[in-house]
Asks: 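The structure follows.
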Amino acid sequence: MYYTNDSIIYHNGAFLHPETASANLYSQTLHYGNGVFEGIRSYKTKFGAKIFKAHEHYERLKFGASVMGIPCHYTTEELVDITYQLLAKNNLEDAYIRPILTTGANMSLLTSDESILTIQCWEWGKYMGDKLLRVKTSRFERPNPKSCFVEAKITGHYTNSILSTNEAKNEGYDEALLLDMNGNVAECSGANVFMEKNGKLYTPKRGHIMPGITRSTIIDICKEIGISVEETSFTLAELKQADSAFFTGTAAEVVGLQSLDDYIFPLSWEASLGYKLMQLYKQEVLCKRNSKLSEAI
């Protein structure tokens, strides 16, 4: 589902077919999870293919590489340019893009001084679909921020997401919600969370979450159009008193919640702020909004 006979990836300085690429079996990324990646989307717009927040995504990739000691020999502009070339070679405009920096052979626990950049792209719909989600509170927590760099998109961190997703899916739910070490709401397995209460939005503050680029875009849109949004800590009990809630992420975009455990959000999705923001976000990524935010990207 990720590639065809005509697909092209960028791998180790060359454009080639996925099946001709090779990976090092002694890589720290394979053995220890020491790699960094990004999830990016390109959209078909009136201007052609437009990679949404390309610079922000690649700056975050380079941040993750920096904190993990993984060398990155590309500038942000070079990474963006390579990605546009890759889209053109695959004749894609609406696409999901997955860059990953993997490490060289090194069985010690000191970061390898070698790295390989691979960028893949394929057609992929909204990760969580369009229907409202039934969500389960996971027994797994987000990692303690003193144990790792929680704001970096590191491959090994996603075992946490896999565990929580497996748990939720095996019990008949669509997604998992994770709390932090203090019992406050953190995020779902692969997206940020917002809740609506009495006409105002709340989202967990930075510190225990992945501060998503879609999350920051939604906050910027709220500020631009006058929706009150507060970045703060809140408990599971408080979330279960909300009028509505939604998740945000590059793969998921904006998706509403139907329920959390046995709590059904009472406000109809079509009447919620999340629904309005879902529409505005889609206009933003398609370059259809006349806004200062659109000009910035």
Side-chain angles (χ1 to χ4, degrees), residues 1-25 27 29-30 35-66 70-105 112 114-129 152-155 158 190 212-214 217 249-253 281-288 294-297:
M1 64 177 288
Y2 302 112
Y3 67 90
T4 68
N5 291 335
D6 299 319
S7 295
I8 297 294
I9 66 170
Y10 180 84
H11 179 72
N12 201 21
F15 292 99
L16 42 82
H17 188 268
E19 290 184 352
T20 65
S22 60
N24 195 314
L25 294 180
S27 165
T29 306
L30 177 62
V36 291
F37 73 99
E38 273 298 316
I40 312 174
R41 278 198 186 273
S42 170
Y43 293 90
K44 182 179 180 179
T45 76
K46 59 185 177 181
F47 307 110
K50 178 72 175 179
I51 302 173
F52 189 67
K53 298 291 182 76
H55 288 78
E56 287 87 340
H57 278 286
Y58 278 120
E59 285 295 315
R60 188 169 67 182
L61 180 80
K62 292 172 68 176
F63 164 73
S66 175
I70 300 170
C72 179
H73 304 296
Y74 298 82
T75 67
T76 300
E77 290 297 335
E78 287 172 335
L79 291 166
V80 173
D81 181 62
I82 290 168
T83 307
Y84 272 111
Q85 290 182 56
L86 184 66
L87 289 171
K89 288 179 183 294
N90 284 279
N91 295 313
L92 288 174
E93 292 183 302
D94 282 315
Y96 181 79
I97 302 159
R98 171 56 60 86
I100 182 168
L101 271 172
T102 55
T103 51
S112 169
E114 297 179 319
S115 67
I116 293 174
L117 172 69
T118 305
I119 308 177
Q120 302 147 299
C121 61
W122 63 89
E123 292 184 81
W124 206 23
K126 290 178 67 173
Y127 173 64
M128 297 178 186
K153 210 167 178 67
I154 298 164
T155 58
Y158 280 75
I213 290 168
T214 306
T217 302
T250 295
E253 297 180 332
Y281 180 77
K282 179 58 75 174
Q283 292 176 29
E284 195 72 49
V285 299
L286 295 177
C287 302
K288 292 183 176 180
S294 293
E295 294 170 6
I297 62 171

Asks: Is the count of non-hydrogen atoms from other residues, nucleotides or ligands lying under 6.0 Å from K282 atom NZ greater than 12?
Replies: yes
Asks: Are P99 and Y58 close enough that some pair of their side-chain heavy atoms sits under 4.5 Å apart?
Replies: yes
Asks: Would you confirm whether N90, through its side chain, and I8, through its main-chain N or O, come within 3.5 Å as a donor-acceptor pair?
Replies: yes
Asks: For the atom pair CG (L16) and CD1 (I9), what is the distance rounded to the nearest 0.5 Å?
Replies: 5.0 Å
Asks: Is the shortest heavy-atom distance from the side chain of Q85 to the side chain of F15 under 4.5 Å?
Replies: yes
Asks: Is the closest side-chain heavy-atom distance between K62 and Y74 below 4.5 Å?
Replies: no
Asks: For the residue pair H57 and I51, establish whether any side-chain heavy-atom pair is separated by less than 4.5 Å.
Replies: no
Asks: In Å, rounded to the nearest 0.5 Å, how long is the span from NZ of K53 to CD of E284?
Replies: 7.5 Å
Asks: Can you tell me if OH on Y43 sees more than 12 non-hydrogen neighbours from other groups inside 6.0 Å?
Replies: yes
Asks: Give me the atom names and distance for the closest heavy-atom approach of C287 to T45.
Replies: SG-CG2, 4.0 Å
Asks: Heavy-atom count check: over 12 atoms from other residues, nucleotides or ligands less than 6.0 Å from E78 CD?
Replies: yes
Asks: Identify the two heavy atoms, one from E93 and one from A49, that lie closest to each other, and give their separation to 0.1 Å.
Replies: OE2-N, 3.5 Å
Asks: Search all heavy atoms of S7 against all heavy atoms of P18 and return the closest pair with its distance.
Replies: O-CD, 3.4 Å
Asks: Please step through ring-ring contact (aromatic ring centres under 6.0 Å, His included) for the pair F37 and Y158, ending with a clear verdict.
Replies: CA-CA 11 Å; F37 73 99; Y158 280 75; 5.1 Å; yes
Asks: Shortest non-hydrogen contact from Y96 to A251?
Replies: CE1-CB, 4.1 Å
Asks: Roughly how far, to the nearest 0.5 Å, is the CG atom of L286 from the NZ atom of K44?
Replies: 11.0 Å
Asks: Just verifying a value: how many Å separate I100 CD1 and K153 NZ, rounded to the nearest 0.5 Å?
Replies: 11.0 Å
Asks: Find out whether L92 and E123 are in side-chain contact, i.e. whether some heavy atom of one side chain is under 4.5 Å from a heavy atom of the other.
Replies: yes
Asks: Looking only at heavy atoms, which two atoms of I97 and I119 are closest? And how far apart?
Replies: CG2-CG2, 3.8 Å
Asks: Given 3.5 Å as the limit, does a donor-acceptor pair link the side chain of H17 with the main chain of T4, or not?
Replies: yes
Asks: I'd like to know whether L117 forms a side chain to side chain contact (heavy atoms under 4.5 Å, CB included) with L79, so could you lay out the CA-CA distance, the side-chain angles of the two residues, the decisive distance to 0.1 Å, and finally the verdict.
Replies: CA-CA 10 Å; L117 172 69; L79 291 166; 3.5 Å; yes
Asks: Of N24, T103, T102, T155, which is the lone residue that meets side chain to side chain donor-acceptor pair (under 3.5 Å) with T29?
Replies: T103
Asks: Taking atom OH of Y10 and atom OG1 of T83, what is their separation to the nearest 0.5 Å?
Replies: 9.5 Å
Asks: Would you find a donor on one side and an acceptor on the other, under 3.5 Å apart, between the side chain of S115 and the backbone of P71?
Replies: yes
Asks: So, does R41 use its side chain to make a donor-acceptor pair with the main chain of A95 at under 3.5 Å?
Replies: no
Asks: Please confirm whether the backbone N or O of S22 pairs with a side-chain atom of H11, one donor and one acceptor, at under 3.5 Å?
Replies: yes
Asks: Would you find a donor on one side and an acceptor on the other, under 3.5 Å apart, between the side chain of T217 and the backbone of I213?
Replies: yes
Asks: Nearest 0.5 angstrom please: F52 CZ to T214 OG1, how far?
Replies: 7.0 Å
Asks: Is there a side chain to side chain contact (heavy atoms under 4.5 Å, CB included) between V36 and F63 once you walk through the steps?
Replies: CA-CA 9 Å; V36 291; F63 164 73; over 6 Å; no
Asks: We want to know whether Y3 and E19 form a side-chain donor-acceptor pair, criterion being a heavy-atom distance below 3.5 angstrom.
Replies: yes
